[in-house]
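Working notes for the structure below.
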Amino acid sequence: MTSGTKESPAVQRILSLHFDTPESERLATYTASGGYSACRRAFARPPEDVTEEVKKSGLRGRGGAGFPAGVKWGFIPKNTERPMYLCINADESEPGTFKDRYIMERDPHMLLEGILITCWAIRSHDAYIYIRGEFEDARRVLQAAIDEAYAAGHLGANPCGSGWRIDVTIHRGAGAYICGEETGLLESLEGKKGYPRIKPPFPAVVGLFQSPTIINNVETIACVPWILEHGGEAYARIGVGKSTGTKLWCISGHVARPGVYETPLGVPFRTLLEEYAGGMRHPDRPLKAVIPGGSSVPVLTASEALGVNMDYESLGQLGTMLGSAGVMVIEEGTCMVWALAVITRFYAEESCGQCTPCREGTSWVNDIMWRLERGGATPEDIALVHNLCDNMIGKTICVLADAMVMPAKSFMKKFKPEFDAHIAAGRCPLPQPVRD
Amino acid sequence: MPKIHIDEREIEAGANENLIATAARAGVHIPHFCWHPALSVAGNCRQCLVEIEGVPKPQIACNTPLKDGMVVRTKSPAIQEARRGVLEFLLLNHPIDCPICDQAGECRLQEYYMSHGLYDARRNVDKVHKPKVVDLGPHVLLDAERCVLCTRCVRFCSEVARSDELYVAERGSHSEIATFPGQPLVNAYSGNVVDICPVGALLSKEFRFKSRVWWLKKADSVCTSCARGCNVRIDHHWNQVQRQVPRYNPEVNSYWMCDRGRTHIDWINEQRVTAAQHGEQTLVLREAFELLAARLAAAGSAVTVVLSPKLANEDLLAWRHLFTAVLPAAHLGAGSLEPAQPEDDILRRADPHPNTWSVQALELAADVRALWQAPAKLLLLVGDDPVGWDPALAAGLARFDFVAAALTNHNATATSVLAAGGLLLPLATHAEYAGTFNNYAGRVQRFEAALAPFGSALAAHEMAVELALVLRREFWPAGKPRTSVQQGIWQQLAPAIPAMPRIDWEHVPPEGLNPTWKPTARPRSVLTGEDATDAYSWGAAPEAARAGEHG
């Protein structure tokens, strides 16, 4: 996969600007292009001002939920005696998502500068980067960048002459999807089993080590230096409506050029597919469906996808979500029952097992889904899965159950004839189903 | 305090009270598995979902902050369906083996299936199988297939016993409760996990397959294994104690008791002295008392009486009265040679006796070995097993003209007494009569009769009254009481002793009476010498949550 290189007047790149620069991960490269100047601007202003600037930018959390980052920082309680913590969620494990890895491998100092600014804004001295265990390359590059930054005095006791100590520590996960859920991440970071926490209390009040904690996605924090450099209003002018700024799209599946591409929010899906990803991989197999935001969001049919603009609101209107921007493109000839069964298997395996409906429900639905795919299911099974989904969604501590229910219900509704055909045939009715 | 509406009923929430506890006070039971009033909130079972006006999703009652004017519905169709759905998930991989499960009859899965389930099984795929009959430790077995993973046991071990033996291994539908390799469940309070397990997953090795719970008759009692005096319930059947479980008392033991107290019940059921015996001859009780009376008359005041700190207040008061006022004996004292037990800051006390406080208040405390040596013609032992604790004492029995012992069990002392040609009288245990103990802090706690006396066993205070009768001496200073013997003892004998509390024996509340009186001298523990003031107090548990919170 390659990062996007397509240039056009409409294209504005913030995050991926230096992805293709040689030695882009080095401090010298970063400072040569003006790096570590935004944080100096930030340190010169009161922390509340920095938060206000990010609020003005309209920057929304890029981890999946899309919550405004500046507003989140504002939840940090004033007048507390406890330390504040910043946690960077680099446990990028939503299927179809691989943007944070690019940032960490190709522009780690952009992330570190974002961390400096955020730590100042929320008055934190300690930031933890919780990185997915499988990301060994990213960890190595990121650690080298941290070492360089310490050596140059950008991190440590006196970053950029601010006198505000900031230490950054990488913590590796051990391969559990649930540790990407922010409170599961906190538990794991504390050395416990990655069980999401019940809320309230929310992490901004009681988070890591019982202290106020802000947890942000890698991409979110990587946007922060640009916002401080150019101003929140400049950022807010990019994109559409409340979907401000640019977005890294992780395009995978049956396209000619899968990869990470950056565009302003609101780009039509058709543009992403045809101009960036090079269209479908086989000209004779047209688009069948798109999962627009990682495996846990409702699927779009081809006609829905080809008419939609990629921003939070437009996707919301179609009943789906922008999520983590893991855009999975599915071509004609793909067995949708099989595709859904692959998804349900993921969630059944990754359920932490804490809440009853998710622990039992994901594995029950998964068992039924594979029986549908392999044969032996009955017409009642479809209604049963719908009912089980209703009994799971919105009834658990975290949204892992919802993350399986949303694709399951949308697949079964939008591609119902395929599910019926499986039941009627007692097996997959496609002569040569696409399975790669 | 916020006022909330639960199912059209208005109620004021208590301090630090959650919705489940508040609803319980309003008479509304919100079904739940994982929440326990004395443990942290886990919020994982999802059975306590309720509808809150203005909130789109159903909320868990255990962790929802209470706000003034909040309107809560626990019986709406959506909530009924949500509960049914959660229950179906809980029972999905459950073996449904109620006919062979010890928990049957006090199982929340059974109860909630009847109240919220009643659906036909829709399971159409294979069940997940998990380990069964897992030996977790000396007292507890696990059937992982019956487990609902509420983690009450995990939280108990970490928060109350502070030993962290249990955890949840694996994840998703393969999750199971487990111990770490080579680190079994050995904390001194492990049996409590069986009590708080809402289903049949954690089983007591001692109670397993002993009795169906619906046969059990229950009596409030007090544990006699140490000076803490944990409030317990004796569950009995066939006139045998089947199990002893803790009874909630926020001032004494919260919801808990230690394993030693819990399992120390065989002595009530087995090896009991059920008839009077003189040498090899079995006597009718009346003959035995006449024999003892004759010997007492012959010995005059050259009598040594050794009482036990395991005897109840009524027993100590009666024997003390008998041998000080009615028939003064040269030597009268109470003590034991039983060694101290391990102590901790949770419940366990070093003093292994339930009534040391009263022994000291009655000024009876004495050294057993010294009493043994004291010049006397007749030795009378009531309770305990001095020879068992110190076999060397057996030789000393020959020194007396006559030896008599009222004992509960055929122990070493009983054997020695009979071998010395002495008299053995059948003594009832605390499970066979009602009385009171004063725990280490002086708290008066009443226990009720659970069993019928074994054979012709008599409670110690009944023996004292009976003996006076046979001796043709008036026992009662103010005439035979028209109330119970115990009440008579408190009314007629206790007031003479300034250190003893003034209580209405008939109306000692189930949670006991706090010592509001001031004893003349603050009692000190015989074993540790420490000030026996209750320094350890439990946090106030929600009052309303008490009902039915066991099991």
Side-chain angles (χ1 to χ4, degrees), chain A residues 175-179 183-184 192-201 345-372 376-378 380-381 383-385 387-402 404, chain B residues 32-35 40-50 55-60 62-65 78-79 81-94 109 119 121-128 147-151 154 158 164 167-177:
Chain A
Y177 173 72
I178 198 62
C179 292
T183 55
K192 302 174 195 156
K193 187 171 182 169
Y195 274 172
R197 294 178 181 170
I198 45 171
K199 287 136 245 171
R345 183 168 61 199
F346 176 80
Y347 290 102
E349 282 184 5
E350 294 297 340
S351 168
C352 79
Q354 190 179 195
C355 302
T356 307
C358 177
R359 176 180 70 238
E360 308 295 344
T362 50
S363 98
W364 191 359
V365 168
N366 181 51
D367 286 352
I368 296 173
M369 215 43 77
W370 282 99
R371 197 167 61 179
L372 261 162
T378 62
E380 291 77 40
D381 282 348
L384 175 59
V385 172
N387 181 253
L388 295 180
C389 285
D390 292 341
N391 286 340
M392 289 161 69
I393 192 164
K395 298 189 172 65
T396 47
I397 291 174
C398 81
V399 290
L400 191 141
D402 302 27
M404 191 201 74
Chain B
H32 60 278
F33 291 93
C34 68
W35 182 73
S40 65
V41 177
N44 60 30
C45 76
R46 316 309 286 182
Q47 190 67 56
C48 69
L49 290 168
V50 295
V55 181
K57 288 183 188 176
Q59 300 293 310
I60 47 171
C62 62
N63 196 48
T64 301
I79 288 303
E81 172 59 20
R83 285 178 184 171
R84 194 205 61 77
V86 172
L87 202 58
E88 184 180 29
F89 286 133
L90 281 169
L91 286 165
L92 186 67
N93 288 308
H94 189 282
L109 282 172
Y119 53 82
R122 299 193 290 180
R123 173 103 215 173
N124 49 11
V125 290
D126 292 340
K127 287 189 180 189
V128 177
C147 176
V148 293
L149 291 156
C150 68
T151 69
V154 176
S158 118
D164 290 290
Y167 75 113
V168 182
E170 305 295 332
R171 68 185 184 200
S173 58
H174 297 278
S175 302
E176 62 188 61
I177 300 296

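Everything numeric here is computed off the predicted structure, so don't read it as measured data.
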Subject >> Under 4.5 Å from a heavy atom of chain A, the part of B:Ala169 involved >> reply: backbone
**OP:** Could you tell me whether the side chain of A:Tyr195 reaches within less than 4.5 Å of the side chain of B:Asn44, counting heavy atoms only?
**Re:** no
Original post:
Does B:Arg171 use its side chain to pair, donor to acceptor, with the backbone of A:Glu349 at less than 3.5 Å?
Top reply: yes
Original post:
By a 4.5 Å heavy-atom criterion (distance strictly below it), what part of A:Tyr347 contacts chain B: side chain, backbone, both, or neither?
Top reply: neither
Original post:
Would you say A:Thr356's side chain and B:Cys45's backbone share a donor-acceptor pair under 3.5 angstrom?
Top reply: yes
**OP:** Rounded to the nearest 0.5 Å, what's the gap from OG on B:Ser173 to CG on A:Asp367? Could you check?
**Re:** 7.5 Å
Subject >> Residue B:Pro58 versus chain A: region with a heavy atom under 4.5 Å >> reply: both
Subject >> Approximate separation, where rounding is to 0.5 Å, of A:Ser363 OG and B:His174 NE2 >> reply: 7.0 Å
Original post:
With a 4.5 Å heavy-atom cut-off, do B:Arg46 and A:Ile397 have their side chains touching?
Top reply: yes
**OP:** Name the option with the most non-hydrogen atom pairs under 4.5 Å to chain B; the candidates are A:Thr378, A:Asp381, A:Asn387.
**Re:** A:Asn387
Original post:
Side chain, backbone, both or neither: which part of A:Ala176 has an atom under 4.5 Å from a heavy atom of chain B?
Top reply: both
Original post:
What part of A:Leu400 is in contact with chain B, defined as an atom under 4.5 angstrom from a non-hydrogen atom: side chain, backbone, both or neither?
Top reply: neither
**OP:** Against chain A, label B:Arg123 side chain, backbone, both or neither, depending on which of its atoms sit under 4.5 Å from a heavy atom there.
**Re:** both
**OP:** Tell me, for A:Arg371 versus chain B, whether the close heavy atoms (under 4.5 Å) come from the side chain, the backbone, both or neither.
**Re:** side chain
Subject >> A:Lys395 side-chain N/O to B:Gln47 backbone N/O, donor-acceptor pair under 3.5 Å >> reply: no
Subject >> CD1 on A:Ile368 to CG on B:Asn124, rounded to 0.5 Å >> reply: 4.5 Å
Subject >> Which atoms of B:Leu90 approach chain A - backbone, side chain, both or neither, heavy atom under 4.5 Å >> reply: both
Original post:
Checking heavy atoms, do the side chain of A:Ile178, its backbone, both or neither come under 4.5 Å from chain B?
Top reply: neither
**OP:** Measure the shortest side-chain to side-chain distance between B:Glu88 and A:Leu388 over non-hydrogen atoms and say whether it is less than 4.5 angstrom.
**Re:** yes
Original post:
Just by modelled atom types, is the B:Val86 backbone N or O under 3.5 Å from a matching donor or acceptor in the A:Asn391 side chain?
Top reply: no
Subject >> Most contacts with chain B, counted as non-hydrogen pairs under 4.5 angstrom, among A:Ala348, A:Ala377, A:Gly394, A:Pro357 >> reply: A:Pro357
